[in-house]
Amino acid sequence: MEAPEALAPAWIVLGRTAGGVEALELDADARELRRTTVPRTELAAWVAVRETVHRPRWVWSDAPSWYGPLLDAGVRVARCHDLRLCHAILRDSVFVADDAGLRRVVEWDATPLAEAVDDDSALFSFDEGPVGPPDDLAGVAAEFERQRLAIARSSEAGRLRLLTAAESAGALIAVELRAAGLPWDAATHDAILVETLGERPAGGGQPARMEELARQVRLALGDSGASLDSQPKLLRSLHRAGILVESTSRWELAEQRHPAIPPLLEYKKLSRLLTANGWTWLDEWVRDGRFRPVYVPGGVVTGRWASSGGGALQLPRMLRTAVRADPGWLLVVADVAQLEPRVLAAMSSDAALADAARGRDLYSGIVESGIVETRQEAKIAILGAMYGATTGDSGRLVPRLRRTFPRAMSLVDEAARVGEDGGVVTTWLGRSSPPPSEGWRTAQSQATEADASAADQTRARRWARDRGRFTRNFVVQGTAAEWALSWLADLRGRLDRMTFPSDGAEAPRSGPVFARHPHLAFFLHDEVIVHTPAALAEEVAVAVQESAATAGRLLFGDFPVDFPLDVRISRTADKS
DNA sequence: AATTCGTCCTGC
DNA sequence: TCAGGCAGGACGAATT
């Protein structure tokens, strides 16, 4: 080999120069081994060799800008450290006491890359500041050293290592998900649209069924010119017809008894489908049989992913039959049952809640424990506990949970108290909530002064409770996101190790990089879809389960909580 | 004319 | 389906 084993790099830091790329190879203790300049055109091949020989952790400013082009060139890597994402975590984490100067470096507080990339004007504007983090080797290596030290000096170094590794794995997976795409059958989608909306109008105008429904509504209202697409105008038309609603929202309309209401509700439903996921969406987002949304790891304060473009977070259920595996391939669709309460049980060491959850539907387990009558009650009670409900059925049921699951409830109650007091809360692995805004703190301190008005005090209390609900949910939602990232990262590794049957299915349309392995095709909070050669589908289904168990052990050790999955093997991603 | 705000609906 | 957390996107209306 070209590099002697003794000099095998554990880390390779990449930075950009005018003509190409500079690489700094480091050993396991981050001591410098070599510096190399690589012409841009040779980067993919250079990376491929080192990946094959050494499997280093690639250290770069951000995964999309580095890994996107590498993947396009057919090169995958196993591990990376995404400095931009990890900076955001370490900057805010209360587990970082000695930050090695990390919090003083503002240039790494860049806007999420997807925003910068999507906004063409940012490329040409000079007054909006940097669109991305620093990218020269000196700047990148310095930030890496700060992050390395910040983690190493933390009393919770193990958790932060896990979190930064999981976050970085997520960064790779997000790029790969976009490159692979979700197999999408445009013909099925079109058939659903035609069946639901009616034929697509040739020369503009509305689909046939919507047109007919609109006619029925106008007839029933006795208002031939009624506008159904403008909320204020529709509201006025309804009032003129004697339908005295305060809004045009579905639940309020549904309470009314009037012949115009059923066709109006149906019209609104169809209108929603047409505008959000109609033919325009299909033309714009589905190419070559793939839906390729932009995933934004760490895009949500809690650590959940966001998405940008295509509405990947809101694929309507009725379109899931359009998600269709390539010929000879299958989809393995898996989601976790009640992830968040299970995570809560584990992080609070609440054995009673873990018992109620074990091996079955958690809500049924709570019913069996006797504190509520029905599964539905159990569900709204648990959701109320995690979201901070104080009124209604949910708020009424929460006190019962407090008696039966005191440890779990005190964890979320304490998180809410800290938030109301202006404090910071932290997930299991160390992602901390942002501190309260200046305006929030000002409102709180003003409300305690002698001349504070009743309105000031009311507002301050409301804002305090709002923030308490946020921090209450933050610890659970954020830790669930950490579990999900661990699940995903472990699964990715298992899928890569599976061998493609040589005489098996034809290559998928996902591109050459994904032609030889089952690969992740979709991820949303607690659900994954794997696109796999049919012969490997059973093996993939097992791997998905094993990865869930591994994620549980990785985060919570031996604490006896399980994470049962609903796993389906199918041509489509239909939910039964 | 361009940008921001508010409403509504989808997902977890 | 209301309450109670986190999102994205479309659209019309209001604002600049």
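Residue numbers begin at 1 in each chain, while the letters A, B, ... track the order of the sequences. Quick note: numbers below take in every heavy atom, side chains included, and nothing from hydrogens, waters or symmetry partners.
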Rounded distance in Å between the C1' positions of B:dC8 and C:dT1: 15 Å
Given that A:Ala312 and A:Gly388 both sit by DNA chain C, which one's nearest nucleotide is further toward the 5' end? A:Gly388
Heavy-atom distance under 4.5 Å between the side chains of A:Leu238 and A:Leu264, does that happen here? yes
Can you see if the side chain of A:Ser230 gets near the phosphate of C:dA13 - specifically, an N or O under 4.0 Å from OP1 or OP2? yes
Residues of residues 467-475 of chain A with a heavy atom under 4.0 Å from any atom of DNA chain B, listed by number, are none
List the protein contact pattern of nucleotides 7-12 of chain B with one symbol per nucleotide (5' to 3'): B for base contact, S for sugar-phosphate-only contact, - for none; contact means a heavy-atom distance under 4.0 Å. -SBBSB
Please check: side-chain N/O of A:Arg159 versus main-chain N/O of A:Trp428, any donor-acceptor pairing under 3.5 Å? yes
Taken to the nearest whole Å, CD/A:Glu420 to P/C:dG4 is 14 Å
Counting the benzene-type ring for Trp, do A:Trp483 and A:Phe556 have ring centres under 6.0 Å apart? no
Identify the heavy atoms of A:Ala389 and A:Val398 that sit nearest to each other, and give their distance. O-CG2, 4.5 Å
Are any of the side-chain nitrogens in A:Glu420 or A:Arg417 under 4.0 Å away from the carboxylate oxygens of its partner? no
Which whole-number value in Å describes the distance from A:Leu319 CG to C:dG9 P? 16 Å
Check every atom of C:dA13, C:dA3, C:dA7 against the side chain of A:Asp393 and return the nucleotide holding the closest atom. C:dA3
Could you check whether A:Val476 gets within reach of a base, just the sugar-phosphate, or nothing at all, counting any heavy atom under 4.0 Å? nothing
Using atom CG of A:Leu339 as one end and atom P of C:dC6 as the other, report the distance to the nearest whole Å. 17 Å
Applying the Watson-Crick and G-U wobble criteria at under 3.5 Å, what pairs with C:dA3? Answer none if nothing qualifies. none
Are the aromatic rings of A:Trp281 and A:Phe291 close, with centres under 6.0 Å apart? yes
Could you check whether A:Asp229 gets within reach of a base, just the sugar-phosphate, or nothing at all, counting any heavy atom under 4.0 Å? sugar-phosphate
Is A:Ser307 touching bases, backbone alone, or none of the nucleic acid, heavy atoms closer than 4.0 Å? sugar-phosphate
Calculate the interatomic distance between A:Asp466 atom CG and C:dG5 atom P; express it in whole Å. 7 Å
Taking atom P of C:dG8 as reference, at what distance in whole Å does atom CZ of A:Phe291 sit? 14 Å
Side-chain touch A:Leu182/A:Leu315, heavy atoms, less than 4.5 angstrom: yes
Rounded to whole Å, the CG-P distance (A:Leu273 to C:dG9) equals 17 Å
Go through the N and O atoms of the side chain of A:Gln376 and the base of C:dT1, and report whether any donor-acceptor pair is under 3.5 Å. yes
Aromatic plane relationship, A:His189 with A:Trp184 - under 30° parallel, 30 to 60° tilted, over 60° perpendicular: tilted
Check the chi torsion on C:dG4 and let me know: syn if it falls within 90° of 0, anti if not. syn
Quickly work out the A:Lys233 NZ to C:dC11 C1' distance and round it to whole Å. 12 Å
Using 4.0 Å as the upper bound for N to carboxylate O, is an ion pair formed by A:Glu212 and A:Arg209? no
Nearest heavy-atom contact between A:Phe563 and A:Arg342 is CE2-CB, 3.7 Å
Sugar-phosphate, base or nothing in reach of A:Gly395, heavy atoms under 4.0 Å: nothing
Rounded interatomic separation in angstrom, taking CE from A:Met210 and P from C:dC11: 11 Å
